[in-house]
Each structure stands twice: as structure tokens, then as C-alpha cells.
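Since the structure comes first, as C-alpha cells, the remarks are kept for the end.
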Amino acid sequence: MKKLKLLGAASVFCLLLSGCGNGQVLSCSMSQEQSGATMKQTVDITFKKEQVSNVKMAIDTKVTDDVSDSDWNSLVDMLDEQYPAADKDGFKLTRDNNEKKRSYNITIDVDVDKAKEDDLAEYGLEGLAGAQGTYDDIKEQMEKSGLTCK
């Protein structure tokens with residue numbers, strides 16, 4: 001099975017600079033299908049006081065019965081490696097691996113105000129806290145990366 005192009009957390013979050021408006025949320029998503037696998041990614045970016053305050057990313061993966069167990073396990077291993085467990089202030093990572101339904105869901109929720117810069121860097125998110133930019137700039141960059149934003 002060919003690997004799906006996965007827009008990793010690092011590439012998503014490195015695009016996030018800052019924004020406008022209190023409580024404003026930018027929602028972006030991307031879906032891909034390839035070789036019996038469907039992957040949908042959603043990113044919700046919350047702005048508070050002209051800065052990104054929270055980022056929540058969900059990756060929902062489902063494969064058909066045509067995908068071998070070996071390929072399924074390789075995909076799960078790849079996702080586990082790319083998104084390691086986070087037991088750090090400001091990070092919440094949840095996983096749901098349903099082997100029977102052949103679906104795997106990962107949700108990463110980052111409270112930027114609580115997360116430490118070193119921990120952000122470990123996940124490729126350095127520079128996220130306190131960076132400058134606009135909601136429209138971030139939306140444009142996300143769309144250039146292949147996501148659809150609303």
C-alpha cells in the first residue's frame with residue numbers, strides 16, 4: 001500500500017503564527033483516499049487576544065478489507081511514531097485504534113498558553129507561542145498546504 005500524504009503536525013503548526021479576534025476559530029480540513037485507505041485531517045485554531053491560544057488536530061484513518069494486516073499495522077506504527085504520547089502541560093493526545101473496524105483516530109489538543117516552548121519544539125511546534133501574524137495569513141498558508149478552510 002502506498003503511504004498517504006500526511007500533513008504532519010509540524011508542517012501544520014509551523015504555519016500557525018498568530019491571529020485576530022477574541023475566541024475566533026479557524027477550521028481547516030483535508031481528505032485523501034489511496035490504495036484502500038481514507039484519511040481525514042481537521043485542524044481547529046482558536047485565537048484569543050490577537051494570538052493563537054489553542055490548536056486541535058484530529059486525524060481519522062480508515063482502511064478497507066483489501067488492505068493487508070501488515071500494511072494496516074505499518075500505518076498504525078507510522079502514526080504512533082509521528083504523534084508520540086504526550087504527558088506534558090498544555091498537551092492532550094488521545095488515540096482510538098479499532099482493529100475490528102480498521103479505523104484509527106488521533107486527536108492532539110494543544111493549549112498554547114500552558115505549553116512550554118521546549119515541549120512545543122519536541123512536536124515541531126516551536127515558535128507557535130507569541131508569534132505574530134493574522135487570521136487571514138494563517139488561512140492562506142493552510143490553504144496553500146492543501147487544506148480547505150472556513
- Item | Val25 vs Ile45 side-chain heavy atoms within contact, under 4.5 Å | no

- Sequence neighbours left out, what passes side chain to side chain contact (heavy atoms under 4.5 Å, CB included) with Thr42? Give chain and number order. Ser29, Lys40, Ala58

- Minimum heavy-atom distance Leu147-Met30, with the two atoms named: N-CE, 3.9 Å

- Message: A quick test of your reading: do over 12 heavy atoms of other residues, nucleotides or ligands sit less than 6.0 Å from CG of Asn98?
- Response: yes

- Note on the structure: Sequence neighbours excluded, the answer for side chain to side chain contact (heavy atoms under 4.5 Å, CB included) partners of Thr148 is none

- Task: Could you tell me which residues satisfy side chain to side chain contact (heavy atoms under 4.5 Å, CB included) with Lys92, sequence neighbours excluded, listed by chain and number?
- Result: Thr94, Asp109

- Message: Is the shortest side-chain heavy-atom distance between Ser53 and Val112 below 4.5 Å?
- Response: no

- Message: According to side-chain hydrogen bond (donor to acceptor under 3.5 Å, both in side chains), who are the partners of Asp113, at least two apart in sequence or on a separate chain?
- Response: none

- Query: Could you give all pairs that pass the disulfide bond (SG atoms under 2.5 Å apart) test and reach residues 27-67, with sequence neighbours left out?
  - Reply: Cys28-Cys149

- Given Tyr104 and Leu79, is the side-chain contact (heavy atoms from CB on, under 4.5 Å) satisfied, shown in steps? CA-CA 9 Å; Tyr104 189 78; Leu79 290 168; 3.6 Å; yes

- Could you list the residues that satisfy side-chain hydrogen bond (donor to acceptor under 3.5 Å, both in side chains) with Glu140, not counting sequence neighbours? Lys144

- Query: Is there any salt bridge (Lys or Arg N to Asp or Glu O under 4.0 Å) pair reaching into residues 97-107, and which pairs are they, with sequence neighbours excluded?
  - Reply: Asp69-Arg102

- Query: Mind checking whether Ile106 and Met78 sit in one hydrophobic cluster, side chains of I, L, V, M, F, W, Y counted as touching below 4.5 Å?
  - Reply: yes

- Residue set satisfying salt bridge (charged side-chain N to carboxylate O under 4.0 Å, His left out) with Asp60, at least two apart, ordered chain then number -> none

- In Å and rounded to the nearest 0.5 Å, what is the CG to OH distance from Leu93 to Tyr83? 10.0 Å

- Please lay out, stage by stage, how Thr61 and Thr38 fare under the test side-chain contact (heavy atoms from CB on, under 4.5 Å). CA-CA 6 Å; Thr61 307; Thr38 302; over 6 Å; no

- Task: Any chance you could lay out the side-chain contact (heavy atoms from CB on, under 4.5 Å) test for Val43 and Met142, step after step, and finish with the verdict?
- Result: CA-CA 10 Å; Val43 180; Met142 298 290 277; 4.0 Å; yes

- What is the minimum heavy-atom distance between Tyr135 and Leu26, and which atoms define it? OH-CD1, 3.4 Å

- Message: Has Asn54 got a side-chain atom pairing as donor or acceptor with Val110's backbone, closer than 3.5 angstrom?
- Response: yes

- Message: Counting C-beta onward and ignoring hydrogens, is there a side-chain heavy-atom pair between Val52 and Phe47 closer than 4.5 Å?
- Response: yes

- Tell me, do Gln32 and Gln41 make a side-chain contact under 4.5 Å, heavy atoms counted? yes

- Task: Evaluate side-chain contact (heavy atoms from CB on, under 4.5 Å) for Trp72 paired with Asp77, printing each intermediate quantity in order.
- Result: CA-CA 9 Å; Trp72 167 249; Asp77 289 345; over 6 Å; no

- Query: Under the 3.5 angstrom rule, does the side chain of Ser27 hit a backbone N or O of Asp44 as a donor-acceptor pair?
  - Reply: no

- Note on the structure: Here the gap from Met57 atom CE to Thr107 atom OG1, rounded to the nearest 0.5 Å, amounts to 9.5 Å

